[in-house]
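To find a chain, count down the sequence lines: A is the first, B the second, and so on, and within it residues start at 1. Hydrogens, waters and symmetry mates play no part in the numbers below; they use all other heavy atoms, side chains included.
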2 protein chains.
Amino acid sequence: MAKLDESLLTGLPPFSMLNRAQIREILDHAVSRRYDEGTTIFHEGAEAERFFLLLDGYLRVVRTTPGGDQIIVLHISPGQLFGIAPALQRDTYPATSIAAAESIALSWPVSLWPDFTAKYPGFATESYKTLGQRLGQIQETLTEMATQAVEKRVASAVLRMANQSGIKTENGIEIAFPVTRQNISDMTGTTLHTVSRLLSAWQKDGIVESTRKHIVVTDPHRLVILSGAQD
Amino acid sequence: MAKLDESLLTGLPPFSMLNRAQIREILDHAVSRRYDEGTTIFHEGAEAERFFLLLDGYLRVVRTTPGGDQIIVLHISPGQLFGIAPALQRDTYPATSIAAAESIALSWPVSLWPDFTAKYPGFATESYKTLGQRLGQIQETLTEMATQAVEKRVASAVLRMANQSGIKTENGIEIAFPVTRQNISDMTGTTLHTVSRLLSAWQKDGIVESTRKHIVVTDPHRLVILSGAQD
DNA sequence: ACCCGACGTTGCTCTGAAACAAACTCCTGA
DNA sequence: TCAGGAGTTTGTTTCAGAGCAACGTCGGGT
């Protein structure tokens, strides 16, 4: 395996306050791996052996019920840590991570976690900040799920993806990774049928444009209104 | 204010590996306060000035939508830390805490958090473990909310409360704090009407007994079946 | 002792969205 | 080049549960 370049980590929040030598040292313990779209990186409940940093691509973090239904808890974007069970003293992953697009991630054995946090205090700080944001996010999703009607939930979900990964195109904001109607229904606790209908309706109204696995938000403002967000 | 007794903290997970002198020191910085039922301890979004330990009573942790709907994210039982925003590098509380029953809590200024975690490593460890469990719990609630029908959700919610706070009586397991139908509907994203109907039906079937604000689960096993839990 | 407000029950109506069903379209790989 | 599967669309039916309404009841405060 080629030696990893230091510029990979420079500027990423978890490593922002480290110097070149420290980054070098961290990288020397890392394993880099590519995941095809749809690949599972680790399973809910599995022994947490490594923790990860997403370099490129997007992930879906998924939970499955005993009954087999699943929901997408959140998405991970490049530059974010994930699978950091050790930060919470867990020895097992609390959810499954799946590559939503072809992705590249670094990983380290959990045994290095204590060293990392001890040696590089900023690293721990940033990890916990990430966790805090994620906790807040999930609470918000939960609240929304419990109180909002389907159309609002779907609108928020699309907006969330657009905000997190959106790239500007001439037509609007495009979600950077493949999303199926089924995926959106798994984010919102509805059916793909309903999502399909909503997306068709929005397309007719000029709010979004979509092809298979691919969504462009052409009129974000109206989608925000649909999502019912308060100013 | 009377000097706090060391036995208050002895044996509680966050302090389990501390010696008498350390506990003394921690207590000397603590403020103890009583909260009447219904009192708000802190508000979502408020400046996180203190972190807390619940000594006695029960709390509801609540999130409110811009539209005014609210849902109960989780309950806190005696011995648990709460409002530990500093652990996640947050300077604001992510949810509101309300006394579900008359409660007593200790609290410390957030400025002491770094000292605490530095001086007493076990304290940090336990805090993060708590957070990890809570994150897992919320993810589970979210999944359930998105995939399960109302009856199952209500059954799980009642069971969760019974497990967390249940005290055995001659008739069954009694939830240790006051709960209204509205409260349960706020945990499950339904209406108090539906909860009332379900509880009445279950009572008729001999699964629960309930009076105002007061629920006894007389047949936990059948409730588990209703909740749809897998073995 | 009484009144008022909070809490609970129950009946009825109505609708949002799930469930069921059937095609259609695109893409992939043999 | 064609077959098959994955993803999408659209129509129709069905029903759980929200919404509305009205009443019953408990308990705490003056």
Pairs under 3.5 angstrom, nitrogen or oxygen only, protein versus nucleotides 27-30 of chain C, please.
none

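No donor-acceptor contact under 3.5 Å links the side chain of B:Arg197 to the base of C:dG8. No hydrogens or angles were tested; on distance alone, a donor-acceptor pair under 3.5 Å links the side chain of B:His193 to the base of C:dT10.
Of the listed nucleotides (C:dC20, D:dG7, C:dC12), D:dG7 has the atom at the smallest distance from the side chain of A:Lys213. Listed candidates were D:dG19, D:dG17, D:dT8. Nearest to the side chain of A:Leu192 is D:dT8.
Shown here are the ring-ring contact (aromatic ring centres under 6.0 Å, His included) partners of B:His193, two or more places apart in sequence or in another chain: there are none. By the ring-ring contact (aromatic ring centres under 6.0 Å, His included) test, A:Tyr35 pairs with no residue at all, sequence neighbours left out.
Nearest-nucleotide mapping onto DNA chain C: of B:Ser196 and A:Val150, the residue sitting toward the 5' end is B:Ser196. A residue-by-residue look at A:Glu151 and B:Ser210 shows that B:Ser210 has its nearest nucleotide of DNA chain C further toward the 5' end.
Ion pairing between A:Glu37 and A:Lys213 holds under the 4.0 Å rule for side-chain N and carboxylate O. Using a cut-off of 4.0 Å between Lys/Arg side-chain N and Asp/Glu carboxylate O, A:Glu144 and B:Arg63 are scored as not salt-bridged.
Residue pairs that meet the side-chain hydrogen bond (donor to acceptor under 3.5 Å, both in side chains) test with at least one member in residues 74-88 of chain A, sequence neighbours left out, are A:Ser77-A:Gln164. Judged as a salt bridge (Lys or Arg N to Asp or Glu O under 4.0 Å), the pairs with a partner in residues 215-226 of chain A (not counting sequence neighbours) are, in order, A:Asp219-A:Arg222.
Checking side-chain atoms of B:Arg50 against main-chain N and O of B:Ser107 turns up a donor-acceptor pair under 3.5 Å. No donor-acceptor distance shorter than 3.5 angstrom exists from the side chain of A:Asp205 to the backbone of A:Ile207, with no hydrogens or angles considered.
Between the axis at the start and the axis at the end of the helix from C:dA1-D:dT30 to C:dA30-D:dT1 there is an angle of 40°, using five pairs per end and rounding to 10 degrees.
Scanning both residues, A:Met187 and A:Ala157, for their nearest heavy atoms gives CE-CB, 4.0 Å.
A:Thr191 has no side-chain polar atom (N or O) that falls below the 4.0 Å cut-off from OP1 or OP2 of C:dA19.
A:Thr180 comes within 4.0 angstrom of sugar-phosphate atoms only, judged by non-hydrogen atoms across all strands, and of no base.
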